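Below is one structure, written out as structure tokens, with a few remarks after it.
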Amino acid sequence: MPIQVNPFENDIVANPRELEPCVQGLNEKPLQQVLKKYEIVSVGSVPRKIYHNHAWLITSAEPGYGKSYLIGRLFKVLEQKAVPVYIRPFQNPSTCWKSILIRLVNELKYKNCFDNSIPTRLEQLTHSILTPLLSKDNPEQDSQLTDLQYICNVEENTSNIFPQQERLISGFTELLELKGIELHSSASSWLNLFLNYTYNKSSYEIKETCMAWLCGENLYQNEAKAIGISRRDATHPEISSEEVNEICYMRIVDICKLAGFFRPLFFCFDQTENFGRNSDLVRAFGIVIESLTSTCPNQVTVVTANQHVWEKTICNSMEHAHIQRLRAEINLEGINRKQAAIFVKQRLAGHKIDENRAGPFVNGKWIERFFENKPQVGIRAFIQQCKMQWNRVEKAEREKPAIGDYFEKTRRKLASQPKKHLCDPDILYWLVLEVANGVNGISAAKHKTEKGYFEIQWQLKDHAILFGFESGFNSTRWMAIAREAIRYCSARDNLKTVILRTANLPTIPRPTWRKRGIEIEAAIRECLDIIYLTKEEATEIYALNQFYMDAVEGDFPFLPEDVLQLIRMRLAWFWNKATGCLANNKAVELDISIPEEVIDKLTAAVRKEKLLSLDELITNQLEPFNRDQIIAACSKIPQIAIHKGSETILLQWLSNP
């Protein structure tokens with residue numbers, strides 16, 4: 001029986017932490033170069049305070065040289081030695097630090113397993129700080145404090161540690177002063193946060209409040225007091241988005257300094273080609289690199305890029321001083337003839353291909369012919385050659401998958417990764433600005449309101465919508481959002497405001513918000529539309545974003561513009577949801593029509609079959625488009641008759657309409 005799945009089908013690293021076996025020697029030099037940079041910040045007694053004054057640029061001659069694979073190998077080596085933080089391009093320059101902080105905090109609090117006996121990195125950081133404080137008076141406790149089982153013994157440690165809280169704070173403050181470590185937030189606020197997150201299990205809200213403060217969210221006084229955050233360190237709910245972004249930057253600096261008690265941070269900026277489409281993003285990215293390398297100790301920062309895109313688009317928009325923060329490039333290598341043969345053997349063995357089938361394929365002359373005029377090639381190009389060769393050997397040449405098939409593969413992978421289901425304001429910003437701006441009937445542009453709660457405006461035919469992205473749950477801030485919504489909508493006819501949130505966030509207003517809740521509910525009835533995306537809807541949007549990023553980087557044989565067209569079609573449900581409740585509760589009609597080339601494909605399919613069901617046409621030919629769009633298109637073609645039955649719709653080709 002022929003093999004049903006091509007063992008070389010997978011030619012893209014979707015998740016750097018899930019890798020195929022490595023070909024020995026491939027990109028070993030770049031790997032070791034980066035690891036040597038890490039060693040510099042990992043030596044010495046704690047708390048360390050070691051600066052890398054430069055980031056490290058990893059480039060490839062073209063897409064497919066294994067940038068993401070190298071990141072995966074680095075993460076695997078450093079998993080128990082560092083805190084790896086994988087960062088894809090942010091979309092909003094004014095919230096860039098917020099975007100990075102969210103990813104950093106997710107790595108600190110996330111568990112890669114379901115074993116509750118394994119503490120999170122944030123809990124381990126807590127104990128790395130407590131160890132010198134508690135062992136100062138009792139050296140015998142030192143080894144016990146670093147034991148993972150002891151760390152997780154919540155009941156025992158709660159009774160031992162909280163009674164010493166004031167002494168621990170005093171000792172922590174003295175230790176920081178002695179080591180010359182200056183934090184933006186007070187030592188007492190930080191240590192109280194660590195203790196409450198690790199040991200205060202009295203309520204779920206305590207841990208959530210700790211995470212909110214850590215992520216730069218606004219707390220009102222009783223929430224801050226509950227976790228020991230000082231009044232000075234609890235930010236005011238009505239500060240602007242720029243001020244929130246600055247607070248997030250200061251949180252990152254403080255975490256880097258505190259990482260000196262634990263493990264260095266390993267920041268990796270991948271898919272940076274996506275910055276090249278917007279000069280504002282490039283400039284913000286340059287500021288990020290300069291700030292990380294000049295003010296953040298105990299970290300290594302690497303940046304990956306395709307060399308041509310980096311030199312042509314990114315360097316032209318980045319400040320010279322920021323470029324100087326990137327040290328000489330670490331160049332990725334291609335795969336050579338010897339490594340290629342090893343790779344093929346490993347891939348076939350991993351798919352349990354019988355030796356009788358694998359032998360002729362591995363030993364065939366095709367590998368030698370492929371490398372005849374080139375000493376090395378990008379690993380992806382070679383995998384794609386393997387894929388074609390396998391199909392020839394099996395005599396089962398397959399048609400190139402449709403664009404929808406590529407997306408479905410991305411969606412399935414993302415759906416299995418829990419971290420990718422959390423609220424990501426950066427992706428929602430991309431959706432409402434960049435994607436929406438190509439939808440017929442919508443003109444999207446940046447439009448920041450006075451307080452900054454709304455950042456993007458949609459101009460429709462007779463209406464306008466202001467969008468905001470608030471993931472917090474502070475009642476004072478939400479009351480300010482409601483008032484700004486009413487103020488803007490009262491001053492302008494046919495305007496509404498929208499806040500996008502995901503299903504994992506609390507519903508607004510919360511039941512405990514009595515007086516403020518009444519005012520917020522009034523705004524919701526009048527002009528404030530809070531849209532909660534279901535888990536499935538958020539996964540769809542996040543997967544489409546990942547798919548687009550991969551296309552920009554060159555991972556798929558489709559132009560980014562074509563991928564955006566697919567995205568706009570698939571998100572017809574979102575455009576309708578976002579524009580609803582306008583014009584006396586009637587949704588605004590948007591022209592999300594089918595392109596001419598698709599109309600031609602539709603016509604050809606019905607002409608060939610003479611009689612075709614609508615479901616079959618959508619499944620086999622036009623999967624990205626919904627039934628209403630197809631019916632509307634067919635109704636404009638005179639040669640196609642539409643027959644609506646009780647259970648199915650048939651499309652008939654008429655020779656003489």
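Numbering of residues begins at 1 and proceeds along the displayed sequence. Note that the structure is predicted; figures quoted are calculated from it, not measured.
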Shortest non-hydrogen contact from [X] toward [Y]:
| X | Y | value |
| --- | --- | --- |
| Ser42 | Pro264 | CA-CG, 4.0 Å |
| Ala503 | Lys535 | CB-N, 4.1 Å |
| Pro297 | Cys256 | O-CB, 3.3 Å |
| Asp280 | Asn278 | N-OD1, 2.8 Å |

According to the interplanar angle, ranging from 0 to 90°, do the rings of [X] and [Y] count as parallel (below 30°), tilted (30 to 60°) or perpendicular (above 60°)?
| X | Y | answer |
| --- | --- | --- |
| Trp56 | His52 | perpendicular |
| His184 | Tyr249 | tilted |
| Phe285 | Trp310 | perpendicular |

Heavy-atom side-chain contact between [X] and [Y] under 4.5 Å:
| X | Y | answer |
| --- | --- | --- |
| Glu79 | Pro84 | yes |
| Leu57 | Val302 | no |
| Glu290 | Glu319 | no |
| Ile508 | Ile481 | no |
| Phe469 | Val432 | yes |

TODO: Any chance you could lay out the side chain to side chain contact (heavy atoms under 4.5 Å, CB included) test for Val244 and Thr235, step after step, and finish with the verdict?
DONE: CA-CA 9 Å; Val244 170; Thr235 54; over 6 Å; no
TODO: Supply the atom-to-atom distance Ile102 CD1 to Lys98 NZ, rounded to the nearest 0.5 angstrom.
DONE: 5.0 Å
Task: Nearest-0.5 Å distance, NZ of residue Lys49 to CD1 of residue Ile181 - done: 6.5 Å
Is there a donor-acceptor pair closer than 3.5 Å between any side-chain N or O of [X] and the backbone N or O of [Y]?
| X | Y | answer |
| --- | --- | --- |
| Glu273 | Val309 | no |
| Gln124 | Pro119 | yes |
| Asp233 | Ser185 | no |
| Glu455 | Lys446 | no |
| Ser186 | Ser189 | yes |

Task: Glu205 atom CD, over 12 foreign heavy atoms within 6.0 Å - done: no
Task: Neighbour count above 12 (heavy atom, 6.0 Å) for Glu182 CD - done: no
- [ ] Decide if the gap between the ring center of Phe90 and the ring center of Phe275 is smaller than 6.0 angstrom.
- [x] yes
TODO: May I ask you to check whether Phe467 and Tyr429 place their ring centers less than 6.0 Å from one another?
DONE: no
Task: Cation-pi check, Arg251 onto Trp213 ring (under 6.0 Å, within 45° of axis) - done: yes
Open item on the list: Between Tyr86 and Asp270, is there a side-chain donor-acceptor contact under 3.5 Å, judged purely by atom types and distance?
Closed with: yes
- [ ] List the steps and the verdict of salt bridge (charged side-chain N to carboxylate O under 4.0 Å, His left out) for Glu107 and Arg121.
- [x] CA-CA 8 Å; Glu107 288 298 334; Arg121 292 191 180 104; 3.4 Å; yes
Open item on the list: Taking Glu123 first and then Lys109, would you say they form a salt bridge - that is, a charged N and a carboxylate O separated by under 4.0 Å?
Closed with: no
